[in-house]
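Report on the following structure.
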Amino acid sequence: MLRRNPNSDTFSDSDFMDAESGDHDLIDLDRIAGIIRRQWKVVLIITIVGTLLGFTYLWFATPFYKASSEVLIDQTNAGLTAQITGNTDPSQADAAILSQVELFGSVNVAAAAVDALHLGDNKQFLASSKTLKNQMLSIFKPLFAVFSHPKPTSSAAPTGPALSPAEAARQQAIGIVQSNTNVTRVRGTYLLQVDYTDADPVLASAIANALAEGYLSDQLNSKYAATRRASDWLQQRITELSRESLAADVAVQNFRAANNLVTANGQLISDQQVAQLNTGLVAAQNATATAKAKVDQIQAVLAADDPNALVTAALDSPLINSLRKSYLETAKRESDFVALVGDNHVQTIRLKAEMAQYQSQIKEELTRIGAGYQSDYQVALAHEQSQRDALTQATQSTPTSNATLAKLNELQLQDQSVKGLYQSFLQNYQEATQRTSFPIAEARIVTAATVPGTPSSPVAWLVLAAGTFLGGIVGVGVGGMREFNDRFVRTVDHLRSGVGMEYLGMVPLLNAKAETKPKSAGQHLLPHRVADLSGSIYNYAVEHRMTQFAETLRSAKVAADLGLADTKSKVIGLVSLLPGEGKTTLCYNFASLVASTGASTLIIDADLRRPSLSRTVAPHCEAGLIEAVLGKVSMQQAMFLDPATGLNVLPIAIGAGALKSSDLLGSGAFADLLEEARQHYDYVILDLPPVAPVVDARAVSPHVDAFVLVVQWGSTSRQFLQSTLRAEPRIAEKCIGTILNKADMRKLSLYKTPGSSESYMAEYSAYFRDGN
């Protein structure tokens, strides 16, 4: 019973899963190291090519020099427009500076530099635009034009006159200056750095300075033009305001005359009278209130009958003061007598009578003062009434109404507004006139450009670094693509883990000496004897028994013996996926090696379409496999013998008629032939056609005990091998293993990983040698 490969029992899709898909998400460092070993030469070569391209560019590139000058934009003085409009917002300073940066690249500034240095007449300068970079850009310019949106042109629009040669050269020079100029703002300052790049360092510094001077000239010219335009506009506006002011003044005067509004010191007389009467009325009201307060106070004192009560008038009266003094002195003596002699004494009674007399006199005096206060109060009331009557009469006699006064005020305000605006514009016009005669630029050159000593471009180290880096990137990309496209069978792991097939061994790629044809080629051959194969590749395993070539074939024999231990006569077919994988050579060497062990062995050339085995070992065959199957000759009559090993060969007659090979190999006659061969031989080995292009191997698979698959190292795709075996389950189930043929042992070391069989190839070589 055949011992199947345990990895290929069912040959489901999971059995043929590509190992490169990975069983885990961890980074396989061993695989990365293997990729580096295999692709480092490609990466290195492309990196060196990138570096050489950098050297080539540096060799042919024209060196350019950059000259720089610095210009300071003065923002301390506000412009004329800001002064007129009053707009001095500092947040617009950045926008103003950026506007100046763009102004440096304008046509006017570039034209000033071109005219100052006569660049339009400089042939060498005009030819500087024909650089390699510009020529490359001109090549791709049509491509860029496809994606751009050209401005619509009108066929009716008149075209300008053709430029003269001198003007055309000047325009070309202006374009060159603009393209080579770069202006940047120094961060956080009002400094502008003007850089100009040219192949001539002296010319570069001269143009940088000329650009700065041209900018200052453009500033002065623009300021002069703006001031001149403002002066003209102000003059026109002043004339208009003068007429408007005169008209407003005349309107005020006419309105006053029409409404009899006489003024004095700029104010209406009626208004002055009303104001005076109103002031007098207020004063009279105050006097009346004062007089009324005095009357109320004196009446309160008289009602209280208190000689000690004081009023303002009493304090100012000498008589009352004298009476109060006498009263106080008498009161003091009376108090002393009361203490000495008592209240009933005559002197005490006399003093009390004297005190009563003083009180009566004081009261009489206060009554007289009160009568005076009452008289003053009546006079104040009369004066207040007269002032009120006069004010009422003056107000009623005013000839103007409120609407008339409002209209007059409106005319006066309009007159004042026009006069103020006229004065302001007149002052601005005088300032503008002064600036026109002496304009000052709001910028100055801080640092003039000097002649640069070293080129600014190309930077050698940067070009070389970029070339090396880009070369390395491209090299890594090419190496990655090569590695991605390398899906061929090269290692044992590719077969076992990647494809699910058992590995029998590896056959090294033989040198040219071992691939010579048989010595008897073209000579007279004996009937039923194979050609002399000594020294040829077909006899290599027998002549070199200690080589890895022979050891691999012995491994295949041992696998067949173990897998078919219960089978007395073993029918083994050698197949490959594609033509040219060396299956026929291995098949004959395998049969020769088995026969040399003493086992009776028969090899049948079953490749009816391309019988390369028969052409090599029995080119003189006249009746072979086809005739034996058809019964024209017996198997023994069609047999050939290899006397060196005792191997029997059933070839195919080269001149045999064409038959449908799958029908022949799948016929009962061919099955009978194999059954007859089983009775006479221990091993029957079939050289079958490739599996992928034809179905012959599938047709004979029911009669074969085991298959040995021959795969060319580094040539057969793993995916193709998987799909083919999946499509041929009968062959896959009976396949005892795979032989990797034509292995490049030098390149094989590039695919070794720690612990793999490839990593021990050097140790294996101690057991192999070239020779018997």
Side-chain angles (χ1 to χ4, degrees), residues 5 8 11 15-16 18-20 482 484-492 494-496 498-510 515 537-538 549 552-553 556 572-591 603-616 652 660-662 665 685-701 704 706-744 747-748 751:
N5 183 359
S8 57
F11 289 94
D15 293 329
F16 292 102
D18 192 352
E20 289 187 355
R482 283 167 51 88
F484 179 78
N485 294 328
D486 188 4
R487 301 293 183 92
F488 305 110
V489 179
R490 297 183 185 273
T491 64
V492 178
H494 289 167
L495 285 174
R496 290 177 175 171
V499 182
M501 298 297 297
E502 187 61 38
Y503 169 73
L504 297 178
M506 186 176 297
V507 176
L509 180 65
L510 302 180
E515 295 177 359
I537 194 173
Y538 281 86
F549 188 105
T552 298
L553 297 180
I572 303 173
L574 267 73
V575 294
S576 63
L577 296 184
L578 298 170
E581 295 191 88
K583 173 260 306 175
T584 299
T585 303
L586 288 183
C587 184
Y588 195 86
N589 276 276
F590 177 67
I603 180 172
I604 300 176
D605 187 359
D607 192 351
L608 301 178
R609 302 170 188 266
R610 295 180 61 184
S612 57
L613 175 64
S614 300
R615 290 193 184 97
T616 302
I652 297 174
K660 194 170 183 180
S661 58
S662 60
L665 296 178
I685 299 174
L686 302 179
D687 181 17
L688 295 170
V691 175
V694 294
V695 298
D696 295 4
R698 185 192 307 173
V700 80
S701 61
V704 177
F707 285 97
V708 175
L709 179 63
V710 179
V711 176
Q712 184 173 344
W713 184 92
S715 178
T716 304
S717 169
R718 279 169 277 172
Q719 183 178 2
F720 178 66
L721 178 59
Q722 293 171 6
S723 60
T724 303
L725 292 179
R726 189 182 296 114
E728 302 289 346
R730 291 184 178 180
I731 298 177
E733 290 177 359
K734 291 184 179 182
C735 185
I736 60 175
T738 304
I739 297 176
L740 288 180
N741 191 26
K742 300 181 182 180
D744 190 336
K747 292 183 179 180
L748 182 63
Y751 295 88

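Predicted, not measured: the structure shown is a model, and the values here were computed from it.
- Under a 3.5 Å cut-off, the side chain of E581 and the backbone N or O of Q712 do form a donor-acceptor pair.
- When side chains are defined from C-beta on, V700 counts as touching L688, because their heavy atoms get closer than 4.5 Å.
- Just one residue in the list D607, V695, D696 forms a side-chain contact (heavy atoms from CB on, under 4.5 Å) with L665, and that residue is D696.
- Surrounding CZ of R615 are more than 12 heavy atoms belonging to other residues, nucleotides or ligands, all under 6.0 Å away.
- A donor-acceptor pair under 3.5 Å is formed between the side chain of S614 and the backbone N or O of I652.
- L504 has its side chain out of reach of T738: every pair of non-hydrogen atoms, C-beta onward, lies at least 4.5 Å apart.
- Here CD1 of I731 is found 5.0 Å from CZ of F707. Values are rounded to the nearest 0.5 Å.
- No donor-acceptor pair closer than 3.5 Å links the side chain of S576 to the backbone N or O of P690.
- If you take OG1 on T584 and CG on L574, they are separated by 9.0 Å, rounding to the nearest 0.5 Å.
- In this structure the side chain of L577 reaches within 4.5 angstrom of the side chain of L721, judged on heavy atoms.
- The shortest side-chain heavy-atom distance between V507 and K742 does not fall under the 4.5 Å cut-off.
- Side-chain contact between P689 and R610 is absent, with no heavy atoms from C-beta onward closer than 4.5 Å.
- Side-chain contact check for L740 versus Y503: some heavy-atom pair is nearer than 4.5 Å.
- Once rounded to the nearest 0.5 Å, the distance linking SG of C587 with CD1 of I603 reads 3.5 Å.
- Between V704 and G573, the shortest heavy-atom distance links the atoms CG1-N, 3.7 Å.
- Annotation: ring pair (Phe, Tyr, Trp, His ring centres under 6.0 Å) contacts of F590 (sequence neighbours excluded): none.
- Remark: side-chain polar atoms of N589 are paired, donor with acceptor, to backbone N or O of I537 under 3.5 angstrom.
- D687 is linked by a salt bridge (charged side-chain N to carboxylate O under 4.0 Å, His left out) to K583, counting only residues two or more places apart in sequence or in another chain.
- Taking the salt bridge (charged side-chain N to carboxylate O under 4.0 Å, His left out) definition, one finds that E728 meets it with R698, sequence neighbours left out.
- Counting heavy atoms from C-beta outward, I572 and L686 have side chains that stay 4.5 Å or more apart.
- Counting only heavy atoms from C-beta outward, the side chains of L553 and L586 approach each other to under 4.5 Å.
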